[in-house]
Amino acid sequence: MKVIAFNGSPRKEGNTYYAMSLVGEELLREGIGFEVVQVGDQCVRGCMACKRCIVNQNERCVICSDDVNDWIQRMKRADGVLLGSPTYYGGVAGPMKCFLDRAFYVIGANQSLTLLMWYKVWAAVAAMGRAGGVAVYDNLSRYFSGYKWVCPMPTGFPVIFGDEPGDAKKDARGIQVMRILGKSMACLLKEVSAAVEGRPG
Ligand SMILES: Cc1cc2nc3c(=O)[nH]c(=O)nc-3n(C[C@H](O)[C@H](O)[C@H](O)COP(=O)(O)O)c2cc1C
């Protein structure tokens with residue numbers, strides 16, 4: 001089993017990464033693979049609303065100048081997906097939002113791809129300097145809402161405090177929340193894999 005994590009921060013090893021790595025440590029402890037993809041420092045174009053993904057039915061966005069199509073396939077191959085973003089003006093950081101808008105539109109556009117995503121486990125985390133992380137979590141969670149993905153109920157809001165990289169290491173409560181989230185995600189992944197039969201592919 002494997003979880004693919006998408007880091008929406010331009011900082012490769014900032015507070016968002018730290019929060020995600022705590023979740024990842026718990027997954028690894030349970031024998032679940034964990035890999036982080038760096039999104040936030042990439043030049044990712046926004047959705048053009050061309051809807052060619054609906055017409056083409058090829059699991060791809062027509063924009064080929066970035067890695068979004070590869071990231072969609074990596075989601076497809078994973079058992080779970082972890083999203084993380086820093087809080088920027090109370091919202092998701094730009095490249096991450098561009099990626100998610102396009103990726104989930106492609107997923108929704110293609111029925112067989114939608115079916116392949118059924119019962120994958122998702123979780124999301126946010127880093128923030130002061131306020132707005134809960135709105136980011138809420139925003140990230142919306143990408144999954146139209147599909148049959150499942151998520152572990154976080155104990156408290158899955159946000160971590162910190163401004164400069166490394167600050168989040170002082171947020172004891174945030175660290176605890178991330179670790180519990182990792183344990184719950186591992187548990188749910190095992191439950192789902194034991195329970196789901198007949199998922200296409
Ligand atoms: C453009 C920009 C906007 C920000 N907006 C907010 C905000 O609305 N609320 C907040 O609490 N922190 C805000 N921050 C601070 C970041 O959320 C905070 O530094 C976070 O820990 C960054 O995570 P990272 O280290 O993974 O990049 C902002 C930072 C930047 C660069």
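Atoms within each ligand, like the ligands themselves, are counted from 1 in listed order. Keep in mind it's a predicted model, so treat the numbers as computed, not measured.
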Quiz item: For atom 12 (N) of ligand 1, which protein heavy atom lies nearest, and how many Å away is it?
Solution: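 Its nearest protein heavy-atom neighbour is G129 N, 3.1 Å.
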Exercise. Using the side-chain contact (heavy atoms from CB on, under 4.5 Å) rule, pick out the option among T16, D167, D171 that qualifies with I160.
Key: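 Going through T16, D167, D171 one by one, the side-chain contact (heavy atoms from CB on, under 4.5 Å) with I160 is satisfied by D171 alone.
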Exercise. Taking the side chain as every heavy atom from C-beta outward, state whether R11 and E164 have any pair of such atoms under 4.5 Å apart.
Key: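 R11 vs E164: side chains touch.
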Practice problem: Report yes or no: does D67 contribute a side-chain atom to a donor-acceptor pair with the main-chain N or O of D70 at less than 3.5 Å? | Solution: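 Side chain of D67 to backbone of D70, a donor-acceptor pair under 3.5 Å: no, none is there.
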Quiz item: What residues, two or more places apart in sequence or in another chain, satisfy side-chain contact (heavy atoms from CB on, under 4.5 Å) together with D66?
Solution: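 If we apply the side-chain contact (heavy atoms from CB on, under 4.5 Å) test to D66, skipping adjacent residues, the hits are V44, R45, I63, V68, R102.
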Quiz item: So, E59 side chain and S112 main chain: donor-acceptor pair closer than 3.5 Å or not?
Solution: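 No, because the side chain of E59 does not come within donor-acceptor range (under 3.5 Å) of the backbone of S112.
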Practice problem: Among all protein heavy atoms, pick out the one at the shortest distance from atom 31 (C) of ligand 1; state its residue, atom name and that distance to 0.1 Å. | Solution: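 Here the closest protein heavy atom is Y88 CE1, 3.7 Å.
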Exercise. Using a strict 4.0 Å cut-off to heavy atoms of T16, name the atoms of ligand 1 that fall inside it.
Key: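 So the answer, numbered in order with elements, is 23 (O), 24 (P), 26 (O).
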Quiz item: Can you tell which part of R11 has a heavy atom less than 4.0 Å from ligand 1: side chain, backbone, both or neither?
Solution: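 Only the side chain of R11 comes within reach of ligand 1.
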Quiz prompt | Close-contact set for ligand 1 against G162 heavy atoms, below 4.0 Å | solution =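 Result: 18 (C), 19 (O), 20 (C), 21 (O).
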Quiz item: Any non-hydrogen atom of P165 lying under 4.0 Å from ligand 1?
Solution: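 For ligand 1, residue contact (heavy atoms, under 4.0 Å) with P165 is absent.
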Self-check item: Under 4.0 Å to a heavy atom of Y89 - the qualifying atoms of ligand 1, by number
Solution: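 The list of qualifying atoms is 1 (C), 3 (C), 4 (C), 5 (N), 6 (C), 7 (C), 8 (O).
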Quiz item: So which of V159, D171, D167, T87 gets nearest to atom 14 (N) of ligand 1, if we judge by its closest heavy atom?
Solution: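 Heavy atom nearest to atom 14 (N) of ligand 1 belongs to T87.
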Exercise. Around atom 11 (O) of ligand 1, find the nearest protein heavy atom and jot down its residue, atom name and distance.
Key: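 So the nearest neighbour among protein heavy atoms is R130 N, 2.5 Å.
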Quiz item: Checking salt bridge (charged side-chain N to carboxylate O under 4.0 Å, His left out) for the pair E35/R74: CA distance, chi angles, key distance, verdict?
Solution: CA-CA 10 Å; E35 188 188 352; R74 289 168 84 160; 2.4 Å; yes
Exercise. Starting from the C-alpha separation in whole Å, work towards a yes-or-no answer on ring-ring contact (aromatic ring centres under 6.0 Å, His included) for W118 and Y147.
Key: CA-CA 7 Å; W118 275 16; Y147 307 107; over 10 Å; no
Quiz prompt | Partner set under ring-ring contact (aromatic ring centres under 6.0 Å, His included) for Y143, not counting sequence neighbours | solution =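 With sequence neighbours excluded, Y143 shows a ring-ring contact (aromatic ring centres under 6.0 Å, His included) to F104, given in chain and number order.
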Exercise. Kindly confirm or rule out an N or O of P86 lying under 3.5 angstrom from an N or O of ligand 1.
Key: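 Between P86 and ligand 1 (N or O atoms, distance only) the closest approach is not under 3.5 Å.
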Self-check item: Proximal atoms of ligand 1 relative to S9 (non-hydrogen, under 4.0 Å)
Solution: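 The list of qualifying atoms is 24 (P), 26 (O), 27 (O).
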Quiz prompt | Identity of the nearest option to atom 9 (N) of ligand 1, non-hydrogen atoms only, from A131, A127, G132, A19 | solution =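 The option holding the nearest heavy atom is A131.
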Self-check item: Protein contact to atom 15 (C) of ligand 1 [nearest heavy atom, distance to 0.1 Å]
Solution: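 Answer for atom 15 (C) of ligand 1: D163 OD1, 3.7 Å.
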Self-check item: Flag, side chain of S9 to backbone of G14, donor-acceptor distance under 3.5 Å
Solution: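 Looks like no, no N/O pair under 3.5 Å.
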